[in-house]
Amino acid sequence: TAALLLLRKRWRNVAPLPDHYRPGRRQWLALLVAAPLLLFAVNRIDDARSAASRFNGVLAFSTLLDQMTDFDRDGWSFFSYPIDRQPFDGSRHPYALDVPGDGVDQDGYGGDFAFSGESATTAAAPAIAGARPNVILIVLESTRADAIGRRVDGRPLTPVMDALAANGSRANAAYSHVGFTTFSLQSLFTGELAPIDDRQSLVRDFLANGYEVGILSGQAEDFGDTARLTGMRRGSMFVDGTLLKEERAFSFAAQGSVNIDGKILLREFDRRLGNAQAWQRPRFLYVNLQSAHFPYYEPMMDRILAGDPIERGAIGADNRGHVERTYLNAIAYNDRLIGALIARLRRLGVLDNSLIVVTADHGESLFDDGFLGHGHMLNEQQTRIPFILSRPGIAIPPVIGLADMRGVILRAAGAPLPPAQSRGVFQYLGTLDRPGAIGLVDAAGRRTVFNLFEESVSTSPGRWTPYADLARGSAEKRSADALIQEWARQRWLRHLREAG
């Protein structure tokens with residue numbers, strides 16, 4: 001208060017500006033020097049940059065400075081975000097592909113990349129020996145791992161999945177690599193983080209082993225080019241949200257918004273696969289259930305938990321409890337649908353020779369980390385998912401990602417593949433080539449996250465350290481460099497596939 005009074009007193013003693021004050025050359029020169037320096041400083045602070053970018057004048061000036069300081073014309077500059085620390089070398093900039101063993105650190109992170117020597121060539125589909133079980137792969141939209149096995153109102157929320165896990169096998173910790181459905185499904189089917197085609201895919205694997213392949217999905221599988229990159233149309237049956245779009249739950253017709261209720265999928269199962277003749281040959285059937293997708297309720301859904309679902313317009317952090325309960329009802333509904341599918345397999349006499357696999361594309365935040373939805377953060381809520389197989393004794397790494405599941409599924413079906421050796425689970429926000437953040441959950445379940453925009457590292461929730469400040473030889477520095485090397489490895493593998 002005393003300081004404010006003193007300033008006010010001094011301000012009163014300052015001579016007023018003339019009515020038609022015009023800055024002189026010195027003032028203009030000072031402004032021209034100070035403005036870029038101030039904008040450079042603002043760009044280094046996340047909240048300040050976001051606020052400043054709302055002003056068209058600031059955005060235009062920043063764009064001008066960006067172009068003026070992109071000396072090597074590689075698209076990055078002193079005013080880009082992140083900054084270009086090699087402004088006169090067009091081969092070195094943020095997100096540049098790090099070429100292994102050339103003595104140059106192209107992207108500026110973690111030193112020169114040392115490739116492990118793994119090949120990017122595609123192996124032939126492994127032969128499945130023995131009885132060749134039917135394989136039913138069920139993917140649950142937006143389903144977090146901690147929603148399975150809960151008790152709500154004194155009763156188990158997911159009794160069917162609980163029984164599958166109790167009598168079969170389940171992962172201790174399973175994760176998606178990214179918070180997007182399209183990339184997640186592509187990784188699950190192909191075993192790759194960013195496939196360029198379907199030359200390696202569960203669809204091709206099972207077709208090569210004499211299986212009938214079918215798709216029964218509540219979403220539009222062409223969205224994000226998923227159907228092409230996984231080869232889904234190579235099978236004898238392809239039923240998805242586009243084919244059934246006239247029966248979609250909501251009026252939205254965009255590919256990414258189509259949602260078909262699980263009861264309609266069961267009806268299609270009955271029409272196309274509801275007789276014993278359809279199961280004369282072993283089948284691989286992919287089933288996608290959309291119930292837990294935002295807004296977590298649609299008209300045909302059963303109300304399993306007491307109470308009405310929250311209205312779409314009322315969804316917000318202030319109604320977090322109601323949102324969570326609506327979401328959990330969708331989880332319970334999916335469990336009921338899985339039970340109905342298992343009952344159909346039993347009636348057809350094919351259940352005993354069927355391997356049922358349940359997983360999810362990604363998790364879901366319910367305002368418990370400050371967000372609603374997915375794809376915002378690399379944390380347990382948004383990336384930890386279930387992975388359950390109906391047969392006991394299946395070897396599963398202690399920490400497994402969606403791209404690792406292809407091998408586990410094939411091995412469980414009878415393919416003589418070696419046990420998976422987990423490198424941990426690499427994760428990213430955005431795209432593999434230009435992520436906003438990358439993360440690695442190691443074999444012990446420890447998560448390291450590197451925010452590329454802020455160039456800071458987190459090895460424990462809520463604690464961030466600038467990468468440049470990490471002590472040489474420290475555990476945090478080793479974890480950060482291991483993460484950066486894995487990112488470079490994944491990008492180089494994709495580069496090799498594209499080149500080959």
Side-chain angles (χ1 to χ4, degrees), residues 82 93-102 104-123 174-201 224-226 229-230 361-362 375 378 382-383 385 397 399-408 420-443 446-453 455 457 467 478-500:
H93 55 80
Y95 301 116
L97 181 67
D98 209 343
V99 178
D102 66 347
V104 179
D105 182 10
Q106 276 85 0
D107 60 11
Y109 303 123
D112 186 27
F113 166 47
F115 188 50
S116 64
E118 296 179 38
S119 172
T121 58
T122 303
Y175 293 92
S176 63
H177 302 283
V178 67
F180 299 129
T181 299
T182 52
F183 295 160
S184 292
L185 289 175
Q186 292 159 24
S187 293
L188 170 62
F189 272 78
T190 67
E192 300 173 354
L193 260 64
I196 61 172
D197 54 37
D198 71 330
R199 73 185 78 173
Q200 176 177 284
S201 170
D225 214 16
T226 296
L229 291 172
T230 60
D361 53 355
H362 48 71
L378 300 177
Q382 297 186 33
T383 67
I385 57 176
V399 174
I400 186 172
L402 278 167
D404 304 314
M405 293 179 188
R406 171 178 172 261
V408 174
Q421 301 297 321
S422 177
R423 309 173 63 105
V425 178
F426 176 78
Q427 301 179 316
Y428 59 101
L429 290 179
T431 64
L432 184 62
D433 284 331
R434 293 189 62 173
I438 54 176
L440 184 69
V441 182
D442 66 19
R446 296 181 295 258
R447 186 194 302 271
T448 300
V449 177
F450 180 26
N451 185 317
L452 281 86
F453 289 163
E455 298 183 348
V457 177
Y467 177 72
R478 289 195 300 271
S479 296
D481 287 343
L483 165 59
I484 291 167
Q485 288 289 308
E486 181 62 17
W487 178 44
R489 189 181 78 88
Q490 293 291 346
R491 294 185 69 198
W492 188 250
L493 283 172
R494 177 180 171 89
H495 168 74
L496 292 178
R497 288 193 292 270
E498 290 174 332

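This structure is a prediction, so every number in the text was calculated from the model and none was measured. Below, each value reflects all heavy atoms present in this structure, side chains not excepted, and no hydrogens, waters or symmetry copies.
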> With I400, which of I385, V441, V408 fulfils side-chain contact (heavy atoms from CB on, under 4.5 Å)?
Replying inline: V408
> Going by heavy atoms in the side chains, are E192 and R497 under 4.5 Å from each other?
Replying inline: yes
>> Minimum heavy-atom separation for V178 and H362, please, with both atom names.
In response: O-CB, 4.0 Å
> Without hydrogens or angle criteria, can the side chains of N451 and Y467 be said to hold a donor-acceptor pair below 3.5 Å?
Replying inline: no
>> D112 vs D102, test: side chain to side chain contact (heavy atoms under 4.5 Å, CB included). Steps then yes/no.
In response: CA-CA 7 Å; D112 186 27; D102 66 347; 3.1 Å; yes
> Where do D98 and W492 land on the side chain to side chain contact (heavy atoms under 4.5 Å, CB included) test, with the steps shown first?
Replying inline: CA-CA 8 Å; D98 209 343; W492 188 250; over 6 Å; no
> In this structure, which one of D197, I196, L493 forms a side-chain contact (heavy atoms from CB on, under 4.5 Å) with E498?
Replying inline: I196
> Does one side chain, of T190 or Q200, offer a donor that lies under 3.5 Å from an acceptor on the other?
Replying inline: no
>> Tell me every residue that passes side-chain contact (heavy atoms from CB on, under 4.5 Å) with A403, counting only those two or more places apart in sequence or in another chain.
In response: H177, S187, L193
N/O donor-acceptor pairs under 3.5 Å from side chains in residues 425-437, not counting sequence neighbours:
| residue | atom | partner | partner atom | Å |
| --- | --- | --- | --- | --- |
| Q427 | OE1 | R447 | NH1 | 2.5 |
| Q427 | NE2 | S176 | O | 2.9 |
| Q427 | NE2 | T383 | OG1 | 3.1 |
| T431 | OG1 | R434 | N | 3.2 |
| D433 | OD1 | R491 | NE | 3.2 |

>> Using 0.5 Å steps for rounding, measure from the OG1 atom of T230 to the CG atom of L188.
In response: 9.5 Å
> When you measure from the side chain of Q106 to the backbone N and O of V99, does any donor-acceptor pair fall under 3.5 Å?
Replying inline: yes
>> As a quick check of understanding, evaluate side chain to side chain contact (heavy atoms under 4.5 Å, CB included) for F450 and W487, giving each step before the final call.
In response: CA-CA 11 Å; F450 180 26; W487 178 44; over 6 Å; no
> Any side-chain heavy atom of D107 sitting closer than 4.5 Å to one from D105?
Replying inline: yes
> To the nearest 0.5 Å, what is the distance between CZ (R489) and CZ (F115)?
Replying inline: 7.0 Å
> Say you draw a straight line from CZ of F183 to OG1 of T226; how long is it, rounded to the nearest 0.5 Å?
Replying inline: 8.5 Å
> Do I438 and L452 have side-chain heavy atoms sitting under 4.5 Å apart?
Replying inline: yes
>> Please find the pair of heavy atoms, one from D361 and one from S184, that lie closest to each other, and give the distance.
In response: O-OG, 2.8 Å
> Just by distance, do the side chain of E486 and the backbone of G424 share a donor-acceptor pair under 3.5 Å?
Replying inline: no
> At their closest point, which heavy atom of F113 faces which heavy atom of Q485, and how far apart are they?
Replying inline: CD1-OE1, 3.3 Å
